[in-house]
J.: 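Okay, handing you the structure first.
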Amino acid sequence: MAEITKSYESRDVEKKWYAAWQAAHAFAGKVAADKEPYTIVIPPPNVTGVLTMGHVLNNTLQDILIRRARLEGRAALWIPGTDHAGIATQNVVERQLRQKEKKTRRDLGREKFLEKVWEWRHEKGGIILEQLRRLGASCDWERTQFTMDPHYSRAVLTAFVDLFRKGNIYRGKRMVNWCPATQTALSDEEVNMKPVNGAMYRVRYALVDAPGQFIEVKTTRPETIPGDVAIAVHPNDPRFAGLLGKKVRRALGPAAEIPIIADTAVDMEFGTGALKITPAHDKADFEVGQRHRLPAIDVLDPDGTLNALAGPELAGMDRFAGRKKAAELLKERGALVAEEPYTNNVGYSERADVPIEPRLTWQWWLRYPRIEEAKAAVRDGHIKFYPERWSKVYLHWLENIQDWCISRQLWWGHRIPVWYRNGLDKEKLTEADLRDPAKVHVSLEGPADPANWTQEDDVLDTWASSWLWPFATMGWPDAAAQKSAGFDYFYPTTTLVTGPDIIFFWVARMIMAGLEFMEKPETGNRKLGAGNGSDNPAGRDADRSGRRSPVAGLLPPEEIQRRIPFKNVYFTGIIRDAQGRKMSKSLGNSPDPLDLIDKYGADGLRFGIVSIAPQGQDIRFNEERIEGGKNFCNKLWNACRFRQMSGEAADNSSQAAILARLEPKKFDADDHAILDRLLATTREVNRCFGEFEFSAAVQALYTFFWSDFCDWYVEVSKSKLQSADTKANCLAIQDLVLRQTLLLLHPFIPFITEELWHLLGYGPEGRFIEDARLENASQIATHSTARGLTLDRVAVAAVEKLKAFVTQARALKAEHNLASRRDVRFFVTTTDADWDILAPNLAKLTRMAGAAEILRREKVDGAPAAVTPLGTIYLDLANTVDVAAEKARLTKELEQLTKHIAATEARLGNKAFTDKAPPAVIEGARKQLAEQQTKRTELERLVKTLG
RNA sequence: GGACCCUUAGCUCAGUUGGUUAGAGCGUUUCCUUGACAUGGAAAAGGUCACUGGUUCGAGUCCAGUAGGGUCCACCA
């Protein structure tokens, strides 16, 4: 067996084991009838993405769950893959095209451009999947998915056709969020509101019939004045009662007389109480316009440039330049009454980070399916959220859900499988036309006579493909593919690990998709993709609320349970920098995880990131904690090194073999205590996994391993290993502890644990650590009992006292500047009972305290002393004691103790306490008081001896 | 405007149904290269648990309110 080196070098170890795991197909998810499945689908990173700290956290947690599942003997499957990320990817390729060839995508044309995108995808896409391997992610790479793969596209289009047939999808001309930079519509979820410092302009409009009279409005967007079609006031506003129905002259742009109208949408309190109505450029104005049958005058081109309708002075200007110019023009004409700084909320395009424009366009909309069941799935606990509070956010969104704009004016994506009969005027298409197969064809295959049809240009929102991820990655809707993927076995997936920022984008939609599409094959998967079904023209009077009355035919609970895409959702925190800001590319405040892996090892990074990621809270990134992860790995390495240097093991190849080497008759208190702590830690980690408390699990393992095992047990071992009588048993205990600790730690730090597992020979030759089974505490206890070992819980308390004894002894030395001396003597005055605890441990205690000897005495005078749970310990200093300092030190301790005693006595003297508190608590208080009093008596005596 | 979260040691944070003298890591001070580890060991200093009330025998923990910080949702020009 190879010798363990002095320090842990991660690089080669990581490379070696990852290659070995892959060569052995160790991560393959295989159907096994005798095992429980454990399934995770990765939140697919953008194919353009590179590994960020967010990915590190997210994927480390998934890997922890998957590896733990394997150790527990479950059939684990983790499906990896990437998202085609419509806008992001198209942007990347367009930018490259612009830089390298000085061309736009339109210069190339749709087909050529898409070729370029695929080229890019094959050359540079999916780097992140390679990076995940560096992190140690144990995905089943042979199942890697991409949302633009042919089979995945088929799933996406099948879902579209099916929903269209059911009447959930319709086409409508609506106000949408338009991104002038990418020139596509966006869903509400892709718009972020930001406060923007701008100006509020007070503008006056001249009354047509009353020269010299005006009505004033306030606006932040004077450049849209050419699109004004009315001025609205509240019908109950007395200030304007006389003006209703009168006309004013548009203040800017093509001359026009526009009416003053009354509408309750106007807030009398705000601004001047009068509102300019520009239906083409504001959602609220659009609705007012609809109510009053006013035209919408669109003065902006799709790219945000003012067009001819804005008038010659503004036409051709960018919207922001136009705003300034408009203000100047108004000023020149005396129409600008005032201009003041103003901060308002403006919607920004999430992708392009530019203000969006409300814009009236034809788009495809989805009325979400299974909304009620989606609520029930979470409300009734079929799907559990961790932390639970996110379910409120989820339910609130579903309560107020709006139809989803699923079409995008992009080229990279799933092209909507709709064909229009040639010659049809798309601008005038009615709902009835849409459902008429003679006019509009909807299918996967396309029309039989393609020459007579023209396909829809738009593609689907990327999320309209990723919402199928949990089952489209397992073959759906192809029955044969589902069978070979083990769909029936692995679906529903067990746990989804994701960020709360995509709860609406992704989590909620996946739930609805699962509920809608995962019907039993025999009852459903019927005519999926069969084309226009006009049996249910429900989309006819689609309104923005999109609410379907809760109809009969809601799924029963068993069916919900069967269809849901996952049983647990764990929401990670968002990783922030030291100042608490979100990590972002533009701020440059995100460390490169690969650098961190180089510096601290993948295991160090994993351990560190998990340890700072408590459940449900955002994470303040702290590189020192990553360094702490590395240090922990080194500690683990060296403890195993110590074990290896301490002696050959008879047989380490299984837990049973190690248990067989235990010699229960030779157990001392430390042996009992460390095994007790091992079982407690095993139990605690188990509990943590049940509650998804990863950082608590790491904390428990850290404390157990570092404090209980290394700082105490390994140190007492050094004495035990000196004696041939106790050596073999001590080594067996170390092996038992280390073996179990490696198993418990493996999900968190897979590389180093695999390496040490082999170096110490804890498994059969040629097998991985994950081929072993992690036993829980009661299984270990049962096996131990079978070997004649019964753990002595009293020993645990004794060891706590011994630890306190040693600490006091060391403190005495340190206070007298003798910490480095190993030749000091200690005296102890104590009871026979306590001496019985001390005596068998004297060799270890002497070594631990760094003393030459510890002797029992009846009485000691004039030496520095400390009161321990096992008697009073004295440092033999002969005549060199500083009596005053000694007295001050003891008096201070006595004072503190007296306060505590008073508090305890007060509690016990309170009849309400003794009447109402549980007996165990009262008993604990009494015991505590007795101990405190004993200690006080002793301290008082010591102070007195000092005069 | 609505909802949710946070405020505990110098810093970053744990603290799981209310119950001994509130913990960890980092940092700080002093000491230690003893045969696993200086990526380490020992000892120590450091907290009126944001504030104010309430419930309770007992509150960091439960309730109400206040202040400060954050996130999400919401069409006030």
J.: Looking only at side-chain atoms of A/Lys392, point me to the closest of B/A77, B/A36, B/C4.
T.: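 Selected nucleotide: B/C4.
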J.: Listed by chain and number, what are the salt bridge (charged side-chain N to carboxylate O under 4.0 Å, His left out) partners of A/Arg250, not counting sequence neighbours?
T.: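 None.
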J.: Pick the nucleotide of RNA chain B nearest each of A/Ala819 and A/Asn910; which residue has the one closer to the 5' end?
T.: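 Looking at RNA chain B, the more 5' nearest nucleotide goes with A/Ala819.
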J.: Please confirm whether the ring centroid of A/Tyr394 lies under 6.0 Å from the ring centroid of A/Phe504.
T.: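 They do not qualify: ring centres at least 6.0 Å apart.
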J.: Separation of A/Glu693 atom CD from B/A14 atom C1', in whole Å?
T.: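 After rounding, the gap between these two atoms is 11 Å.
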J.: Collect all protein-nucleotide pairs involving nucleotides 43-48 of chain B in which both atoms are nitrogen or oxygen and the distance is under 3.5 Å.
T.:
none

J.: How close or far is atom P of B/A42 from atom CZ of A/Arg847, stated in whole angstroms?
T.: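 It works out to 14 Å between those atoms.
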J.: What is the nucleic acid contact for A/Glu691, judged by heavy atoms within less than 4.0 Å: base, sugar-phosphate only, or nothing?
T.: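 No contact at all - A/Glu691 keeps every heavy atom at 4.0 Å or more from the nucleic acid.
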J.: Using a 3.5 Å cut-off on both pairing distances, which stems of three or more Watson-Crick or G-U pairs include RNA chain B?
T.: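 Only these stems qualify: B:1-7 with B:67-73, B:10-13 with B:23-26, B:28-32 with B:40-44, B:50-54 with B:62-66.
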J.: Would A/Glu340 and A/Lys218 pass as an ion pair if we require N to O under 4.0 Å?
T.: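 Here A/Glu340 pairs with A/Lys218 in a salt bridge, since their nearest N and O are under 4.0 Å apart.
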J.: Holding to salt bridge (charged side-chain N to carboxylate O under 4.0 Å, His left out), I want the full list of residues that pass it with A/Lys384, two or more places apart in sequence or in another chain.
T.: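 Counting only residues at least two positions away or on another chain, A/Lys384 forms no salt bridge (charged side-chain N to carboxylate O under 4.0 Å, His left out).
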J.: Indicate, with a heavy-atom threshold strictly under 4.0 Å, whether A/Arg221 touches base, sugar-phosphate, or nothing.
T.: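 No contact.
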J.: Check this for me: does any side-chain nitrogen of one of A/Asp708 and A/Lys803 sit under 4.0 Å from a carboxylate oxygen of the other?
T.: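 Salt bridge: yes.
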J.: Sequence neighbours excluded and cut-off under 3.5 Å, please list the side-chain donor-acceptor pairs for residues 919-927 of chain A, or say none.
T.:
none

J.: Taking the minimum atom-to-atom distance to the side chain of A/Gln928, which one of B/G19, B/A77, B/U20 wins?
T.: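 Of all the options, the side chain of A/Gln928 is nearest to B/U20.
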J.: Under 4.0 Å, heavy atom to any atom of RNA chain B: which of residues 701-713 of chain A qualify?
T.: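 Those residues are A/Tyr702, A/Trp706, A/Cys710, A/Asp711.
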J.: Do the side-chain N or O atoms of A/Lys6 get closer than 4.0 angstrom to the phosphate oxygens (OP1, OP2) of B/C37?
T.: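 A/Lys6 to B/C37 OP1/OP2: side-chain N or O found under 4.0 Å.
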J.: Without decimals, in angstroms, what is the distance between A/Leu738 CG and B/C37 P?
T.: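 Value for this atom pair: 16 Å.
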J.: Does one side chain, of A/Ser717 or A/Gln734, offer a donor that lies under 3.5 Å from an acceptor on the other?
T.: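 Indeed, the side chains of A/Ser717 and A/Gln734 share at least one donor-acceptor pair under 3.5 Å.
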J.: For B/C32, does OP1 or OP2 lie under 4.0 Å from any side-chain N or O of A/Lys813?
T.: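 Result: no.
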J.: Measure from CZ on A/Arg907 to C1' on B/G18 and round the result to the nearest Å.
T.: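 Atom CZ in A/Arg907 sits about 13 Å away from atom C1' in B/G18.
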J.: Identify the pairs formed between an N or O of the protein and an N or O of nucleotides 68-76 of chain B at a distance under 3.5 Å, and give each distance.
T.:
{"unit_1": "B/C76", "atom_1": "O2", "unit_2": "A/Asp267", "atom_2": "OD2", "d": "3.0"}
{"unit_1": "B/C76", "atom_1": "N3", "unit_2": "A/Asp267", "atom_2": "OD2", "d": "3.1"}

J.: Between A/Glu399 and A/Lys375 (salt bridge meaning N to carboxylate O under 4.0 Å), is one present in this structure?
T.: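 Yes, this pair counts.
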J.: Between the side chains of A/His234 and A/Asp263, is a donor N or O closer than 3.5 angstrom to an acceptor N or O?
T.: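 Their side chains do not contain a donor-acceptor pair, so the 3.5 Å distance test is not met.
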J.: Please enumerate all residues that pass side-chain hydrogen bond (donor to acceptor under 3.5 Å, both in side chains) together with A/Gln722, with sequence neighbours excluded.
T.: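 Scan of A/Gln722 (side-chain hydrogen bond (donor to acceptor under 3.5 Å, both in side chains), adjacent residues dropped) gives none.
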J.: Taking the P atom in each of B/U28 and B/U39, what is the distance between them to the nearest angstrom?
T.: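 15 Å, rounded to whole Å.
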J.: So A/Val217, base contact, sugar-phosphate only, or nothing? Heavy-atom distance under 4.0 Å.
T.: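 Touches nothing.
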J.: Going by heavy atoms closer than 4.0 Å, what residues in residues 620-633 of chain A are next to RNA chain B?
T.: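 Close to the strand are A/Arg620, A/Glu624, A/Arg625, A/Lys630, A/Asn631.
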J.: Suppose we call two aromatic rings close when their centres sit under 6.0 Å apart. Are A/Phe748 and A/Phe607 close by that rule?
T.: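 For A/Phe748 and A/Phe607, the ring centres are not under 6.0 Å apart.
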J.: Using atom CG of A/Leu756 as one end and atom P of B/C37 as the other, report the distance to the nearest whole Å.
T.: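 Result: 15 Å.
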J.: Output the rounded distance in Å from CG (A/Asn638) to C1' (B/A36).
T.: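 It is 5 Å, rounded to the nearest whole Å.
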J.: If we count only N and O atoms by modelled type, under 3.5 Å, do the side chains of A/Thr5 and A/Glu3 hold a donor and an acceptor together?
T.: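 Note: A/Thr5 and A/Glu3 side chains miss the donor-acceptor criterion.
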J.: Any pair with a residue in residues 611-637 of chain A that passes salt bridge (Lys or Arg N to Asp or Glu O under 4.0 Å), sequence neighbours left out, goes on the list, sorted by first then second residue, please.
T.: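 Checked against salt bridge (Lys or Arg N to Asp or Glu O under 4.0 Å) - neighbours excluded - the pairs reaching residues 611-637 of chain A are A/Arg576-A/Asp618, A/Lys599-A/Glu623.
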J.: Measure from CD on A/Glu905 to P on B/U21 and round the result to the nearest Å.
T.: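 Between P of B/U21 and CD of A/Glu905: 13 Å.
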J.: Rounded at 0.5 Å granularity, tell me how far CG in A/Leu330 sits from OH in A/Tyr201.
T.: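 These two atoms lie 9.5 Å from each other.
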J.: Can A/Arg202 and A/Glu216 be said to form a salt bridge (charged side-chain N to carboxylate O under 4.0 Å, His left out), step by step?
T.: CA-CA 7 Å; A/Arg202 189 175 178 124; A/Glu216 294 182 356; 2.6 Å; yes
J.: I'd like the P distance from B/A44 over to B/A24, given in whole Å.
T.: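 Going atom to atom, P in each nucleotide, I get 12 Å.
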J.: Once hydrogens and angles are ignored, does a donor-acceptor distance under 3.5 Å link the base of B/A36 to the side chain of A/Gln734?
T.: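 No such pair is found, so the answer is no.
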J.: Test: salt bridge (Lys or Arg N to Asp or Glu O under 4.0 Å). Region: residues 219-234 of chain A. Which pairs qualify, not counting sequence neighbours?
T.: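 Non-adjacent pairs meeting salt bridge (Lys or Arg N to Asp or Glu O under 4.0 Å): A/Arg221-A/Glu223, A/Arg221-A/Glu357, A/Glu223-A/Arg323, A/Asp228-A/Lys276.
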J.: Taking the nucleotide of RNA chain B with the nearest heavy atom to each, does A/Phe642 or A/Asn634 sit closer to the 5' end?
T.: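 Its nucleotide being nearer the 5' end, the pick is A/Phe642.
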J.: Counting N and O atoms only, with roles assigned by atom type, does the side chain of A/Glu388 sit under 3.5 Å from a partner on the main chain of A/Phe385, one being a donor and the other an acceptor?
T.: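 Side chain of A/Glu388 to backbone of A/Phe385: no pair is present.
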J.: Rounding to a whole Å, what distance do you find between A/Leu721:CG and B/A36:C1'?
T.: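 Roughly 12 Å, once rounded to whole Å.
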J.: Measure from the side chain of A/Arg822, starting at C-beta and using heavy atoms only, and say which of B/A77, B/U34, B/A36 lies closest.
T.: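 Per side-chain heavy atoms of A/Arg822, the pick is B/U34.
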J.: Of all residues at least two apart in sequence or in a different chain, which pass the ring pair (Phe, Tyr, Trp, His ring centres under 6.0 Å) check with A/Phe705?
T.: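 If we apply the ring pair (Phe, Tyr, Trp, His ring centres under 6.0 Å) test to A/Phe705, skipping adjacent residues, the hits are A/Phe632, A/Phe709.
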